[in-house]
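A note on names: the letters A, B, ... follow the listed sequences, proteins ahead of strands, and every chain is numbered from 1.
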There are 2 protein chains.
Amino acid sequence: MNKVKSYRLNQGLTQTQLAYKVNVARQTISLIENDKYNPSLNLCKQIAKVLHTDLNSLFGGN
Amino acid sequence: MNKVKSYRLNQGLTQTQLAYKVNVARQTISLIENDKYNPSLNLCKQIAKVLHTDLNSLFGGN
DNA sequence: CTTTTTTGTCAATTATATATGGCAAAAAAT
DNA sequence: ATTTTTTGCCATATATAATTGACAAAAAAG
């Protein structure tokens, strides 16, 4: 559903590296990428910033 | 910071009406509009849909 | 093939988003 | 000026996001 994994791989980052950059646990990134739950807005914004994109591009789809 | 209040008023909705449409308590809308906390992504998406806009427009700023 | 890295998932715990009820102040309506 | 509606805020309670540690499987590297 979301495009976090796609953008993360484009930046050459591992889940662990992305998690470190946005100050969450690696598991949190894994769960988000698999649409296993519902992250907070602030976390979404941080991820968008680190992946050089925006909320609509990462989470805008259905 | 965010533009929920602005878009809500444009649609002629009260906090209570918006809360009802997105299935949360009125207080939740009040807190979000005043940037008093950090809503979930799903709630942000529902609000965007009801207000006929998108994540970037509502929450994209800083 | 063997070793190392990366990822998915589980269980238990902690932090915090959201709910509920209520009250006062501001705004709008009469 | 008075009444009604709308909003901000304060408690307490509940649901769930996020943490931590650990293990196995898949993928990548050697």
Polar atoms only, N or O, under 3.5 Å: list the protein pairs with nucleotides 27-30 of chain C and their distances.
none

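- Axis deviation across the helix from C:dC1-D:dG30 to C:dT30-D:dA1 amounts to 60°, comparing end segments of five pairs, rounded to 10 degrees.
- By the side-chain hydrogen bond (donor to acceptor under 3.5 Å, both in side chains) test, A:Gln27 pairs with no residue at all, sequence neighbours left out.
- Taking every heavy atom of residues 17-31 of chain B and every atom of DNA chain C, pairs under 4.0 Å involve B:Asn23, B:Val24, B:Ala25, B:Arg26, B:Gln27, B:Thr28, by number.
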Which atom pairs, one a donor and one an acceptor, fall under 3.5 Å between side chains of residues 18-26 of chain B and the rest of the protein, sequence neighbours left out?
none

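- Under the rule for a side-chain contact (heavy atoms from CB on, under 4.5 Å), the partners of B:Asn56 that lie at least two apart in sequence or sit in another chain are A:Asp54, A:Leu55, A:Asn56, B:Asp54.
- Put simply, chain A comes within 4.0 Å of DNA chain D, heavy atom to any atom, from D:dA17 to D:dA22, going 5' to 3'.
- Residues passing the side-chain hydrogen bond (donor to acceptor under 3.5 Å, both in side chains) test with B:Ser40, sequence neighbours excluded: A:Asn38.
- If you check residues 35-43 of chain B against DNA chain D, you find no residue with a heavy atom closer than 4.0 Å.
- Contacts classified as salt bridge (Lys or Arg N to Asp or Glu O under 4.0 Å) and involving residues 33-42 of chain B (residues at least two apart or in different chains) are given here: B:Arg8-B:Glu33.
- Residues that satisfy the side-chain hydrogen bond (donor to acceptor under 3.5 Å, both in side chains) test with B:Gln17, not counting sequence neighbours, are absent from this structure.
- Under the side-chain hydrogen bond (donor to acceptor under 3.5 Å, both in side chains) criterion, B:Asn10 pairs with no residue, sequence neighbours left out.
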